[in-house]
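Just so it is clear, the model here is predicted, and its values are computed rather than measured. Side chains are part of it too, since the values below use all heavy atoms of this structure and drop only hydrogens, waters and symmetry mates.
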2 protein chains.
Amino acid sequence: MAKITHTNPRRRITLDDIARKAGVSKATASRALTLPDKLSKSTLERVRRASKLMGYVSHGVARALATGKTHTIGAVIPTLDNAIYAVSTGSLERRLEQAGYLLLVACHEFNLHTETKAVRAFLGRGIDGIVLVGLAHAPETIRLLDETRIPYVLTWNIRPGIRRPVVGFNNRNAGRVIAEHLLRLGHRRIGMIAGITKFNDRAADRLAGVRQALLDAGLRLPSELVVEHPYSLDGGTEGLALLLSRQRPPTAIICGNDIIALGALREAHIRNINIPRELSVTGFDDMPIAELGNPPLTTVHFPMVEVGTHGGTTLLRALGETEDIPKTELSLRLVVRKSTGPPPSRSKLTR
Amino acid sequence: MAKITHTNPRRRITLDDIARKAGVSKATASRALTLPDKLSKSTLERVRRASKLMGYVSHGVARALATGKTHTIGAVIPTLDNAIYAVSTGSLERRLEQAGYLLLVACHEFNLHTETKAVRAFLGRGIDGIVLVGLAHAPETIRLLDETRIPYVLTWNIRPGIRRPVVGFNNRNAGRVIAEHLLRLGHRRIGMIAGITKFNDRAADRLAGVRQALLDAGLRLPSELVVEHPYSLDGGTEGLALLLSRQRPPTAIICGNDIIALGALREAHIRNINIPRELSVTGFDDMPIAELGNPPLTTVHFPMVEVGTHGGTTLLRALGETEDIPKTELSLRLVVRKSTGPPPSRSKLTR
DNA sequence: GTGAAAGCGCTAACAA
DNA sequence: TTGTTAGCGCTTTCAC
């Protein structure tokens with residue numbers, strides 16, 4: 001009689017299976033995978049062989065339920081459409097995967113309510129830690145963070161006196177540094193194409209820093225010389241057009257980031273405005289793409305903490321994963337780009 | 001005697017808790033959250049109230065263990081440093097979160113072995129579906145996909161006859177279209193700055209398409225006119241330098257993507273080469289940043305399936321989440337950028 | 001319509 | 001060093 005071979009219905013291989021195969025208890029099989037040193041060489045070897053033979057993969061969900069740890073970190077970022085967040089999220093991912101953690105990503109698209117929802121979803125999913133962007137969050141978000149006592153880190157901005165785990169740089173100071181640079185070049189009428197500051201404390205702080213620097217110099221940042229635009233080429237284009245349409249246009253324009261600056265440079269080119277002879281333009285960030293600026297923008301170094309892992313190292317430390325964390329990663333540099341500055345000129349800007 | 005109020009050690013609120021509070025069984029409480037229609041209005045209301053009152057959040061891990069579904073999708077992409085992958089991952093995330101799914105992201109940095117590792121990690125974590133980039137994968141990866149029968153989708157490339165779930169466009173045809181465009185303009189000596197084709201079937205197919213178009217026209221793509229460089233400005237810069245250093249340089253250069261094209265344009269500008277009079281340059285993709293090209297590139301529409309959700313819709317359908325999937329999302333357009341073409345000229349390129 | 005009880009696959013005391 | 005025994009918090013038959 002011919003034997004009928006059924007393709008067995010691909011049942012999941014469990015610890016019980018390999019335990020049985022290896023002739024040990026389930027507990028021992030479990031230990032073989034998590035605490036190998038606690039086992040005798042021979043049993044360890046037997047379990048390993050069985051597990052390899054049967055193609056066993058540990059059931060992470062079950063393990064998570066038993067241990068309370070998912071080895072998963074959640075990051076809620078504004079958007080992946082902005083290269084700066086994409087790149088920093090990538091660096092975070094690299095750091096985490098090194099340490100055996102997986103990264104959940106959610107984007108709130110500059111909506112604080114969406115951010116709260118994402119945090120809640122993460123929490124429900126039992127993540128071990130959470131990364132947020134910026135200092136300003138919905139009260140509900142903060143409450144969730146505090147009540148659940150989940151390890152977390154706020155990124156991309158710091159302010160003196162902040163009592164929470166933060167990583168990044170002081171956007172306010174950075175804004176100030178740029179403004180002071182322009183003042184030193186002799187500019188007295190300075191404008192700014194800021195990012196949208198609503199729900200974005202980084203953008204707001206950069207603006208605040210610029211404003212403060214001018215005040216400290218006995219000058220003002222008049223409201224007609226401040227516009228807020230999205231971080232896009234068109235944002236820069238439209239921003240420049242607006243500022244140049246003022247009665248008394250500025251002699252220097254501080255842009256909220258490099259993309260805006262590139263858009264502004266493009267528009268200036270179209271309008272036949274010579275940069276930097278007739279107008280100074282500064283960028284922000286260190287996007288490689290900024291090299292396309294014409295003329296190229298000059299740079300100033302500005303210290304930034306842990307941009308290389310985007311908070312990953314801080315988080316891992318909080319999770320007790322200290323041993324394999326190289327300390328050297330803890331400090332890197334952000335570059336603030338600026339156009340070489342000319343003294344301000346009367347100019348044909350008002351045309 | 002004064003009562004001493006202990007801050008209770010923040011034990012997790014479980015279903016048992018709200019069941020007790022609502023005076024029902026755990027099973028009923030569970031139903032209230034997942035099958036509300038199966039309950040009487042009054043009990044449903046009671047459970048809901050209790051759960052709100054105690055601030056209950058369902059334990060996703062436990063639910064996942066019980067149901068076998070995590071409501072999590074894993075995406076393994078090459079890198080978040082390339083804007084094109086960042087943006088498509090963002091669109092995937094948006095689509096998934098709409099449907100109540102979370103997105104795990106891993107980057108393999110163009111290493112097929114790393115990709116396999118990531119897939120395995122995802123599988124262990126019990127993800128419900130998986131998104132990969134490209135058609136070419138390690139045999140081990142394919143085996144995992146097939147053996148576990150996990151719903152998956154391959155993105156960013158399609159080829160006729162492929163029997164797997166794919167989403168994207170035909171890179172080979174796209175390459176051909178570009179080459180034919182240049183041939184039509186009269187070019188006979190065409191070069192290419194391709195992306196790194198190792199582990200990247202999209203880059204390889206674009207190159208293959210160009211090669212085929214030339215062959216079909218009775219021409220060749222000589223090996224000295226093909227260079228492979230990373231998708232970066234410098235890649236374009238160096239690529240152009242190399243191609244122009246050939247004995248007989250090309251009259252047109254096809255770039256593997258927009259960033260390379262921008263780098264090439266920048267280098268051409270520095271070398272005082274007039275584009276497109278002396279040299280044609282074409283890009284690929286539709287990066288907004290490509291607007292910075294000087295001269296601006298013209299565009300040709302090329303059909304791409306589901307770029308708007310990057311496979312998310314396909315995956316959700318496989319997962320049975322059909323009801324809320326708008327069919328209109330299923331087809332969008334990719335734009336292939338090309339420089340306006342001049343007839344080829346003798347030129348000063350050989351200088 | 002609701003409850004009791006049996007798991008999902010794993011880890012972690014506690015014993016031996 | 002290894003095994004036994006309880007769970008982790010939820011869903012899901014199967015009775016009632």
Side-chain angles (χ1 to χ4, degrees), chain A residues 9-48 50-51 54-72 100 121 123-128 148, chain B residues 9-48 50-51 54-72 100 121 123-128 148:
Chain A
R10 213 165 298 281
R11 187 178 59 78
R12 183 180 186 92
I13 310 289
T14 71
L15 256 190
D16 288 282
D17 293 327
I18 65 171
R20 203 170 309 123
K21 182 119 190 165
V24 297
S25 76
K26 187 167 49 156
T28 302
S30 169
R31 286 191 269 262
L33 303 167
T34 47
L35 317 156
D37 349 325
K38 296 277 174 196
L39 291 195
S40 80
K41 262 193 114 156
S42 68
T43 35
L44 178 59
E45 189 47 43
R46 240 172 333 131
V47 176
R48 287 231 167 112
S51 122
M54 309 188 68
Y56 170 74
V57 276
S58 146
H59 193 306
V61 176
R63 165 176 294 183
L65 183 59
T67 60
K69 313 202 93 284
T70 55
H71 273 244
T72 303
L123 255 17
R125 225 57 78 82
I127 46 138
D128 294 339
T148 58
Chain B
R10 216 164 298 281
R11 190 177 57 78
R12 184 180 186 92
I13 310 288
T14 72
L15 254 191
D16 288 282
D17 293 327
I18 67 170
R20 203 168 310 123
K21 183 120 189 165
V24 298
S25 74
K26 187 167 49 157
T28 303
S30 170
R31 288 187 193 107
L33 303 168
T34 46
L35 317 155
D37 347 326
K38 295 278 175 196
L39 292 195
S40 82
K41 260 195 115 154
S42 67
T43 35
L44 178 57
E45 190 46 43
R46 237 169 338 126
V47 176
R48 287 230 167 114
S51 122
M54 308 189 68
Y56 171 74
V57 276
S58 147
H59 193 304
V61 175
R63 164 176 293 183
L65 183 59
T67 61
K69 313 202 93 282
T70 55
H71 274 246
T72 303
L123 255 18
R125 226 57 79 81
I127 46 139
D128 294 339
T148 58

Measure from CZ on Arg20(A) to P on dG3(D) and round the result to the nearest Å. 14 Å
Looking only at heavy atoms, which two atoms of Tyr56(A) and Thr14(A) are closest? And how far apart? CE1-C, 3.7 Å
OH of Tyr56(A) versus C1' of dG9(C): gap in Å, rounded? 7 Å
I want to verify a distance call: between dT2(D), dT11(C), dT11(D), whose nearest atom is closest to the Ser30(A) side chain? dT11(C)
Measure the distance from CG on Asp17(B) to C1' on dC8(D) and round it to the nearest whole Å. 14 Å
For Ala29(B) and Leu15(B), which heavy atoms make the closest approach, and how far apart are they? CB-CD2, 3.6 Å
Pair Leu65(A), His59(B) - check side-chain contact (heavy atoms from CB on, under 4.5 Å), show working. CA-CA 9 Å; Leu65(A) 183 59; His59(B) 193 304; 4.1 Å; yes
So which one's nearest nucleotide on DNA chain C is more toward 5', Ala29(A) or Leu44(B)? Leu44(B)
Any Thr43(B) side-chain nitrogen or oxygen under 4.0 Å from OP1 or OP2 of dT2(C): yes
How close or far is atom C1' of dG1(C) from atom CG of Asp37(B), stated in whole angstroms? 13 Å
For residues Arg12(B) and Ser58(B), report the shortest heavy-atom separation together with the two atoms involved. NH2-O, 3.7 Å
Which pair of heavy atoms, one from Gly23(B) and one from Arg46(B), lies closest together, and at what distance? O-NH1, 4.1 Å
Does dG1(C) have its OP1 or OP2 closer than 4.0 Å to a side-chain nitrogen or oxygen of Thr28(B)? no
5'-most contact on DNA chain C (nearest-nucleotide basis), Ala62(B) vs Lys41(B), goes to Lys41(B)
Separation of Leu35(B) atom CG from dT2(C) atom P, in whole Å? 13 Å
Step by step, would you call Arg20(A) with Asp16(A) a side-chain contact (heavy atoms from CB on, under 4.5 Å)? CA-CA 6 Å; Arg20(A) 203 170 309 123; Asp16(A) 288 282; 3.8 Å; yes
For Val61(A), which contact category applies under a 4.0 Å heavy-atom criterion: base, sugar-phosphate, or nothing? nothing
When all nucleic acid strands are considered with a 4.0 Å heavy-atom cut-off, which category describes Leu65(B): base, sugar-phosphate, or nothing? base
Using OP1 and OP2 only, check whether a side-chain N or O of Thr67(A) sits under 4.0 Å from dC10(C). no
Between dC8(D) (C1') and Lys26(B) (NZ): distance, integer Å: 11 Å
Side chains of Val61(B) and Thr70(A): closer than 4.5 Å at any heavy-atom pair? yes
When we call it a touch if two heavy atoms are under 4.0 Å apart, what does Thr14(B) touch: a base, just sugar-phosphate, or nothing? sugar-phosphate
Short side-chain donor-acceptor distance under 3.5 Å, Arg125(A) and Thr72(A): no
Does a side-chain N or O of Ser25(B) approach OP1 or OP2 of dA4(C) to a distance below 4.0 Å, or not? no
Just how far, in rounded Å, is C1' of dT2(C) from CZ of Arg46(B)? 11 Å
Within the sub-3.5 Å range, which N or O atoms of nucleotides 13-16 of chain D have a protein N or O partner, and how far apart are they?
| from | atom 1 | to | atom 2 | distance (Å) |
| --- | --- | --- | --- | --- |
| dT13(D) | O4 | Arg31(B) | NH2 | 3.3 |

Taken to the nearest whole Å, CZ/Arg63(B) to P/dC8(D) is 18 Å
